[in-house]
Amino acid sequence: MSLLQLENVSVAYDQQYILKDFNLSVEKGHLISLLGPSGCGKTTTLRLIAGFLDATDGRFAFGGKDYTRVPINKRNFGFVFQSYALFPHMSVYDNVAFGLRLRKVKEDEIKKRVMRMLEIVSLGGFESRFPQALSGGQKQRVAIARALVIEPDLLLFDEPLSNLDANLRVNMRVEIRRIQQELGITAIYVSHDQEECFSISDRVAVMNKGIIEQLDQPSVIFQYPKTEFVARFIGFNNFIAFEEREDEGSFYSLRSGDYHFHAAKAPGMPATMKGAIRPDDLIAGTLAEIQPGDNVLTGKVKVSTYLGRSYQYVVVTPLGEFTVNKEMQQPYANGQEIRLLFPSEKLVLVE
Amino acid sequence: MKKRYLYVLLAPGLLFLTLFMIVPLILTVGSTFFKDGGFTAGIYAQFFKDAYFLDILGTTLLVSVMTTLLCIVIGFPVAYYLSKLPPRKKGIMLALAIFPLLTSSVVRSFSWMIILGKNGLVNNLLTALGIIDEPLSILYTPAAMIIGLVHLFLPLILITLVGVMESIDHDLVRAAQSLGASRLTAFRKIVVPLSIPGLIVGSILVFVGSLTAYTTPALLGGKKRVVATFLYQNAITLNDWQAASAIATIMMIITFVVIGLMNKAAAKFKPKG
């Protein structure tokens with residue numbers, strides 16, 4: 001049984017739906033990410049769960065109880081803000097102690113717990129500083145300590161790392177994952193950064209226009225996006241529209257114009273007429289290197305760009321333009337004829 | 001140091017202030033210390049021994065303090081409400097709130113005389129409702145002055161408070177609530193302390209304004225005098241300009257002391273770090 005459940009939840013402002021008939025369930029102890037472009041409803045979902053805004057419709061259950069109308073301060077959820085939202089008139093210690101004082105915990109017990117939590121987020125010795133005197137990363141760790149010290153039933157992260165620089169982001173996400181796993185806390189994490197979500201989550205929900213397009217383990221989404229939107233969002237830039245599909249048991253046999261393709265079947269892969277493949281998974285070669293046949297297209301190099309480790313080419317073929325990456329010393333010339341091989345286990349079908 | 005020539009831009013303003021403010025101030029204060037060709041502080045000793053003056057000073061301070069406190073109590077929640085409005089609505093509401101400042105203080109005071117008089121709106125209403133038998137004397141008391149001054153100066157505290165409250169990130173309130181604070185506790189522990197700088201600036205404006213107000217206490221106070229009306233009486237009616245200058249000096253000193261104390265209090269509430 002899942003710990004948290006959103007059932008047919010809708011949120012609307014001025015007749016505009018931000019979420020419509022939205023469903024989500026989260027298992028205890030999991031870290032689930034809501035991933036999507038801005039305006040997809042991920043932050044709305046998080047704020048709804050926190051109680052910062054009300055649903056126009058639907059039900060929110062937590063631990064088997066109806067939480068739809070429970071006020072923010074009775075939910076016992078920790079919230080980590082993008083802007084950190086540390087209280088500027090309080091020291092680090094008082095910031096972290098804030099929730100415990102409201103719970104009427106004894107001062108010596110508060111001291112023990114605050115100090116231990118500051119230790120966990122590697123901020124021992126910072127307790128008498130004020131927020132202005134902290135760097136971004138330190139502020140965010142105080143914010144995490146403040147949310148964790150109340151031993152929340154659920155931890156909510158709203159793009160917690162987007163105001164930090166790149167190196168710190170990587171370190172902090174490892175920290176967040178470590179703390180979350182160490183303390184066994186259920187967490188929901190909102191971000192528009194694909195790598196960030198994939199690296200720390202047990203489950204990722206890719207959202208678009210107020211609905212979840214796909215919810216699965218990061219590795220599954222990475223290999224088998226279900227819809228064109230998800231595919232594009234995670235870097236499948238090449239699409240082929242097929243005209244015919246036949247089920248051949250372990251694979252699909254597909255046709256577009258005079259060209260024939262095979263695509264290996266995978267559990268959950270939709271049976272559709274649209275194929276997708278990453279630029280990294282396409283194999284490019286000269287006319288001598290790759291022989292014509294199934295899963296092969298011949299085309300002309302239109303644009304070539306240097307990516308550092310590899311070259312990226314835009315290739316014009318009878319089925320449209322494809323983008324391909326290839327590691328090589330001597331790049332192909334513009335206008336050169338090359339062939340593209342679509343490995344059948346990398347070509348996926350999407351909705 | 002290349003920008004030194006920019007100080008030239010200050011010259012006109014500086015000249016104006018020196019000629020028309022600093023010199024007159026020095027002359028005003030200086031004149032109070034000379035009597036019969038000798039240097040003396042006797043006029044101040046005289047004032048502080050005079051029960052009539054002390055009574056006036058007491059009334060003035062009481063009226064100013066009460067006005068300031070009432071403005072804080074009434075202004076604080078209103079300012080919070082205003083700061084939470086959507087921008088368009090906030091503009092309209094703020095303009096309405098500032099309206100008392102835009103009307104002539106004579107007109108405003110006469111309106112209050114009509115409302116607070118023996119046969120005024122308040123007394124008639126209370127009598128009609130049977131709450132009182134005899135009309136209350138509100139007009140020509142310190143209470144009337146306080147009512148008039150609160151009406152006049154409430155906008156000042158609203159403007160400064162709304163400015164400060166707008167700059168408080170609402171996520172701070174949400175953070176407090178998510179940590180277990182009720183709306184009221186979050187308001188008390190987050191919004192109130194973070195609004196104190198604005199509150200102090202607003203309070204200084206209201207206090208100094210009330211302390212030096214002339215028209216409103218003159219019209220609503222009747223025979224009851226405040227320092228400003230007393231000063232006027234000394235200068236214009238009694239033609240005793242030295243006494244008037246001494247009163248002006250006392251008012252300035254009180255103002256400086258109050259501003260100093262409040263700034264000290266403000267520094268205490270400023271986030272450290």
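Protein chains get the first letters and strands the later ones, always in sequence-line order, with residue 1 at the start of each. Just so it is clear, the model here is predicted, and its values are computed rather than measured.
Looking at B/Asp169, only its side chain comes within 4.5 Å of chain A, counting heavy atoms on both sides. With a 4.5 Å cut-off on non-hydrogen atoms, A/Arg146 touches chain B through its backbone and its side chain both. Heavy atoms closer than 4.5 Å to chain A are found in both the backbone and the side chain of B/Ala176. For A/Leu134, no part lies under 4.5 angstrom from a heavy atom of chain B.
At most 12 heavy atoms of other shown residues, nucleotides or ligands fall within 6.0 angstrom of atom CD in A/Gln16. Under a cut-off of 6.0 angstrom, the local environment of NZ in A/Lys111 is sparse, with at most 12 non-hydrogen atoms contributed by other residues, nucleotides or ligands. The number of heavy-atom neighbours closer than 6.0 Å to NZ of B/Lys89, taken from other residues, nucleotides and ligands shown, is 12 or below. A 6.0 Å sphere centred on OH of B/Tyr214 holds more than 12 heavy atoms belonging to other residues, nucleotides or ligands. Residue-environment remark: CZ (A/Arg59) exceeds the threshold of 12 foreign heavy atoms within 6.0 Å. More than 12 heavy atoms of other shown residues, nucleotides or ligands fall within 6.0 angstrom of atom CZ in A/Arg178.
The two residues A/Ala85 and B/Ala175 have their closest heavy-atom pair at O-CB, 4.0 Å. Across all non-hydrogen atoms, the minimal contact from B/Ser178 to A/Ile150 is O-CD1, 4.1 Å.
The ring-ring contact (aromatic ring centres under 6.0 Å, His included) analysis of residues 152-195 of chain B, with sequence neighbours excluded, yields the pairs B/Phe76-B/Phe187, B/Tyr80-B/Phe187.
Contact annotation for residues 97-104 of chain A against chain B (heavy-atom separation below 4.5 Å, listed by residue number): A/Phe98, A/Gly99, A/Leu102, A/Arg103. Interface with chain B: from residues 75-84 of chain A, residues A/Phe77, A/Phe79, A/Phe81, A/Ser83 qualify, criterion being any non-hydrogen pair under 4.5 Å.
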side-chain contact (heavy atoms from CB on, under 4.5 Å), that's the test. Do A/His89 and B/Leu194 meet it? Break it down for me.
CA-CA 7 Å; A/His89 56 303; B/Leu194 291 176; 3.5 Å; yes
Walk me through it: do B/Arg174 and A/Asp158 pass the test salt bridge (Lys or Arg N to Asp or Glu O under 4.0 Å)?
CA-CA 13 Å; B/Arg174 294 201 186 96; A/Asp158 185 13; over 6 Å; no
Do B/Leu179 and A/Phe87 pass the side-chain contact (heavy atoms from CB on, under 4.5 Å) test, and can you show the C-alpha distance, the side-chain angles, and the key distance before you say yes or no?
CA-CA 12 Å; B/Leu179 291 166; A/Phe87 308 131; 4.2 Å; yes
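Using a 4.0 Å cut-off between charged side-chain N and carboxylate O, A/Asp94 and B/Lys189 make no salt bridge.
Taken to the nearest 0.5 Å, the CZ atom of B/Arg183 stands 9.0 Å off from the CG atom of A/Asn73.
For B/Ile147, the side chain to side chain contact (heavy atoms under 4.5 Å, CB included) partners are B/Trp112, B/Leu116, B/Ile138, not counting sequence neighbours.
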